[in-house]
A.B. asks: 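Handing you this structure, nothing more for now.
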Number of protein chains: 2
Amino acid sequence: MTIGVLSRATATKVETIRFYERIGLLPAPARTGGNYRSYDENHLRQLGFIRRARELGFKIETVRALLSLADQPQRCCDDVDQLVIDQITEIDRKIEALQRLRTELDQLAIGCRGGPIADCRILDALQPHRSDRNTI
Amino acid sequence: MTIGVLSRATATKVETIRFYERIGLLPAPARTGGNYRSYDENHLRQLGFIRRARELGFKIETVRALLSLADQPQRCCDDVDQLVIDQITEIDRKIEALQRLRTELDQLAIGCRGGPIADCRILDALQPHRSDRNTI
DNA sequence: ATAGAGTCTGAAGCAGCTACAGGGTCAAGA
DNA sequence: TCTTGACCCTGTAGCTGCTTCAGACTCTAT
């Protein structure tokens, strides 16, 4: 199949597919006489795997590790488990950080309802000691 | 004050300060005879503002807009309010996306406890139709 | 023959810094 | 006075994960 077909089959932009090839995440396919990339079912499956892992927030280097592990069927899958656990930990960390941020913004978002910027409490909160602005 | 002093005072790396100057977020300071940057209290305050806004997740272009608004004291601060509201909306969107992701990862993280990768349910979930791998 | 859709390469751009390399400056101690 | 070491300078390249270009080629249909 051509890159366009693979693109539609995996909801991945053509440029992204070429990018994955360039960084060695997706193997380079055979070429047609006209130098077009020619993908097979293995490419389709591997790209599906990559996209799914990326959707789950795994970094490209982690996807690479997952692909490598998937290629060693005899190996114990503890490493795979660990990568997922690490990913969950990371996501939790991000959620907590965003929630802290959310709380702070909430306290900020009291709103000044039409008042002038000179009295804006939001800008005051962002810019401490703004009151002595004129004295400098 | 030198860039190093400003750096410590605002917990901002020296390179970041120079970066902010390059992109026009922080005004270029005066220079000493030895060509060292020489900052004053206004720089300190503005950099504090920038850092605080960045900590709250505002994009650089939004910080630029906030700074510009802060410089028009006569203006009504509805625009400032709106930027904060937009930011909260954006944060909420991210939190929701991460929580969905978290749920998906949880379902994945059943763990294969020592089994071989050939039976790994995680990789199965990531790589649909992996069973017909040998038939291709 | 030709139009239009698809494909090719290589390079540059995005955010928001961070990290060099290869120099110059300055204050303190021997 | 000299030297050491901390600091500072510029300019450029690197990071992640793509995306977007420019300019050329190929293939299919009419």
Side-chain angles (χ1 to χ4, degrees), chain A residues 1-26 28-40 43 46-47 49-67 86-87 90-91 93-94 97-98 101, chain B residues 1-26 28-40 43 46-47 49-67 86-87 90-91 93-94 97-98 101:
Chain A
M1 73 190 92
T2 66
I3 199 169
V5 173
L6 180 64
S7 164
R8 283 184 291 275
T10 59
T12 308
K13 293 194 178 180
V14 164
E15 294 84 2
T16 305
I17 297 174
R18 287 196 282 245
F19 168 73
Y20 287 159
E21 177 181 329
R22 199 159 63 244
I23 64 171
L25 195 59
L26 189 64
R31 296 289 181 127
T32 67
N35 200 32
Y36 281 19
R37 287 171 178 83
S38 178
Y39 295 97
D40 61 23
H43 289 104
Q46 182 151 338
L47 183 53
F49 182 103
I50 293 167
R51 293 303 284 180
R52 182 91 185 93
R54 292 287 301 128
E55 274 172 23
L56 289 169
F58 288 100
K59 289 185 181 185
I60 288 210
E61 285 318 301
T62 311
V63 178
R64 217 188 279 279
L66 285 169
L67 283 170
D86 290 351
Q87 177 65 6
E90 182 64 15
I91 299 284
R93 216 187 46 72
K94 283 185 188 170
L98 284 173
L101 229 159
Chain B
M1 71 192 93
T2 66
I3 199 169
V5 173
L6 181 64
S7 163
R8 285 183 291 276
T10 58
T12 307
K13 294 196 176 180
V14 166
E15 293 85 359
T16 305
I17 297 175
R18 286 197 282 245
F19 168 71
Y20 287 159
E21 178 181 329
R22 202 160 61 245
I23 64 171
L25 195 59
L26 189 65
R31 297 287 182 128
T32 68
N35 201 31
Y36 282 19
R37 285 172 179 83
S38 179
Y39 296 97
D40 60 22
H43 289 105
Q46 181 151 340
L47 183 53
F49 183 103
I50 292 167
R51 295 303 286 179
R52 181 91 187 94
R54 293 285 303 129
E55 273 172 24
L56 288 170
F58 288 101
K59 291 185 179 181
I60 289 210
E61 285 318 301
T62 311
V63 177
R64 216 187 279 278
L66 285 168
L67 282 169
D86 289 351
Q87 178 65 6
E90 182 63 16
I91 300 282
R93 216 187 44 74
K94 284 185 186 170
L98 283 173
L101 228 160

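All chains are named by letter (A, B, ...) in the order of the sequence lines, taking the proteins before the strands, and each is independently numbered beginning at 1.
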A.B. asks: Rounded to whole Å, please give me the gap between CG in A/Asn35 and C1' in D/dA24.
C.D. replies: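 Result: 12 Å.
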A.B. asks: Mapping A/Thr32 and A/Glu15 onto DNA chain D by nearest heavy atom, which one lands closer to the 5' end?
C.D. replies: A/Glu15
A.B. asks: Hey, does the side chain of A/Gln46 reach the backbone of A/Leu25 with a donor-acceptor pair shorter than 3.5 angstrom?
C.D. replies: yes
A.B. asks: Determine, for B/Glu21 against B/Arg18, whether the closest basic-nitrogen to carboxylate-oxygen distance falls under 4.0 angstrom.
C.D. replies: no
A.B. asks: Check the pair A/Arg51 / A/Thr10 against side chain to side chain donor-acceptor pair (under 3.5 Å), numbers first and verdict last.
C.D. replies: CA-CA 8 Å; A/Arg51 293 303 284 180; A/Thr10 59; 5.8 Å; no
A.B. asks: Can you tell me how far C1' of D/dC18 sits from CD of A/Glu21, to the nearest Å?
C.D. replies: 15 Å
A.B. asks: Atom CD of B/Glu90 and atom C1' of C/dA15: how far apart are they, to the nearest Å?
C.D. replies: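 Nearest whole value for this atom pair: 14 Å.
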A.B. asks: Does C/dT9 have OP1 or OP2 under 4.0 Å away from a side-chain N or O of A/Arg31?
C.D. replies: yes
A.B. asks: With heavy atoms under 4.0 Å as the rule, sort B/Arg54 into base, sugar-phosphate or nothing.
C.D. replies: sugar-phosphate
A.B. asks: Got a donor-acceptor contact below 3.5 angstrom from the A/Thr12 side chain to the A/Ile17 backbone?
C.D. replies: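 Side chain of A/Thr12 to backbone of A/Ile17: no pair is present.
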A.B. asks: Side-chain N or O of B/Lys13 versus OP1/OP2 of C/dA19: is the shortest distance under 4.0 Å?
C.D. replies: yes
A.B. asks: For a quick check of understanding: with a heavy-atom distance under 4.0 Å over all strands, which category does A/Thr2 fall into, base, sugar-phosphate or nothing?
C.D. replies: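 If one applies the 4.0 Å heavy-atom cut-off, A/Thr2 turns out to touch the sugar-phosphate alone, with no base involved.
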A.B. asks: Classify B/Arg37 by what it touches in the nucleic acid, base, sugar-phosphate, or nothing, heavy-atom distance under 4.0 Å.
C.D. replies: sugar-phosphate
A.B. asks: I need the CG-C1' distance between A/Leu47 and D/dG17, as an integer number of Å.
C.D. replies: 14 Å
A.B. asks: Quickly work out the B/Ile23 CD1 to C/dT18 C1' distance and round it to whole Å.
C.D. replies: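 The distance from CD1 of B/Ile23 to C1' of C/dT18 comes to 14 Å, rounded to the nearest Å.
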A.B. asks: Report yes if at least one side-chain N or O of B/Tyr20 is closer than 4.0 Å to OP1 or OP2 of C/dC17; otherwise report no.
C.D. replies: yes
A.B. asks: In terms of the nearest nucleotide of DNA chain D, which residue is placed more toward the 5' end: A/Glu61 or A/Gly33?
C.D. replies: A/Glu61
A.B. asks: Is the shortest side-chain heavy-atom distance between A/His43 and A/Arg37 below 4.5 Å?
C.D. replies: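 Sidechains of A/Arg37 and A/His43: no contact.
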A.B. asks: Between the base of C/dT25 and the side chain of B/Tyr36, is there a donor and acceptor pair under 3.5 angstrom?
C.D. replies: yes
A.B. asks: Side-chain N or O of B/Arg18 less than 4.0 angstrom from OP1 or OP2 on D/dC9?
C.D. replies: yes
A.B. asks: B/Phe19 has an atom CZ; how far is it from atom P of D/dG14, in whole Å?
C.D. replies: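 Nearest whole value for this atom pair: 17 Å.
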A.B. asks: From CD1 of A/Ile17 over to C1' of C/dG6, roughly how many Å is that when rounded to an integer?
C.D. replies: 13 Å
A.B. asks: In this structure, how many angstroms lie between the C1' atom of D/dT20 and the CZ atom of A/Arg22, rounded?
C.D. replies: 12 Å
A.B. asks: Compare side-chain N and O positions of A/Thr16 against OP1 and OP2 of D/dG17 and report whether any pair is under 4.0 Å apart.
C.D. replies: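 So the side-chain polar atoms of A/Thr16 never come under 4.0 Å of the phosphate oxygens OP1 or OP2 of D/dG17.
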